Amino acid sequence: MIKKDEGLKRRVGVFGLSANIINIIIGSGIFVLPAIVASYLGASSIIAYLFCGLLMAMVMLCFAEAGSKVKCYCFGIPST
C-alpha cells in the first residue's frame, strides 16, 4: 500500500497574501471603536486619527513591498 503525504504545504501564494492583507486592514478599522476614542481624547481625537492613518499608510507600503516579491502568472499576464 502506498502511503500518501497529505500534510499542509508550507507556502503562501498570491491569494493567501491578498486575503491576509484585506483581513488586517478591514479588521483593524472595524474594531477600533471610534466613538470611545473620541470620548476619551475629545478634540485631539482628529490628530490621533490622522496619526493612525499615517501608520496605516506605512503598513500598506510594507504589504506592497511584500506583494512585489511574489512572482505569479495572474490572468494570463506574467508579472514583472
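The first residue in the sequence is number 1, and the count goes up from there. Small disclaimer: the values here were computed from a predicted structure and weren't measured.
M60 is linked by a side chain to side chain contact (heavy atoms under 4.5 Å, CB included) to I25, counting only residues two or more places apart in sequence or in another chain. Residues passing the side chain to side chain contact (heavy atoms under 4.5 Å, CB included) test with S18 are V14, sequence neighbours excluded. Taking L17 as the reference, V12, I21, V70 meet the side chain to side chain contact (heavy atoms under 4.5 Å, CB included) condition, with sequence neighbours excluded.
Taking a 6.0 Å sphere around CD1 of I47, one finds it holds 12 or fewer heavy atoms contributed by other residues, nucleotides or ligands. Enclosure of atom CD1 in I46 is not indicated, since only 12 or fewer non-hydrogen atoms of other residues, nucleotides or ligands lie within 6.0 angstrom.
If you take OG on S44 and OH on Y49, they are separated by 11.0 Å, rounding to the nearest 0.5 Å.
Here the shortest heavy-atom pairing between S45 and A38 reads CB-CA, 3.9 Å.
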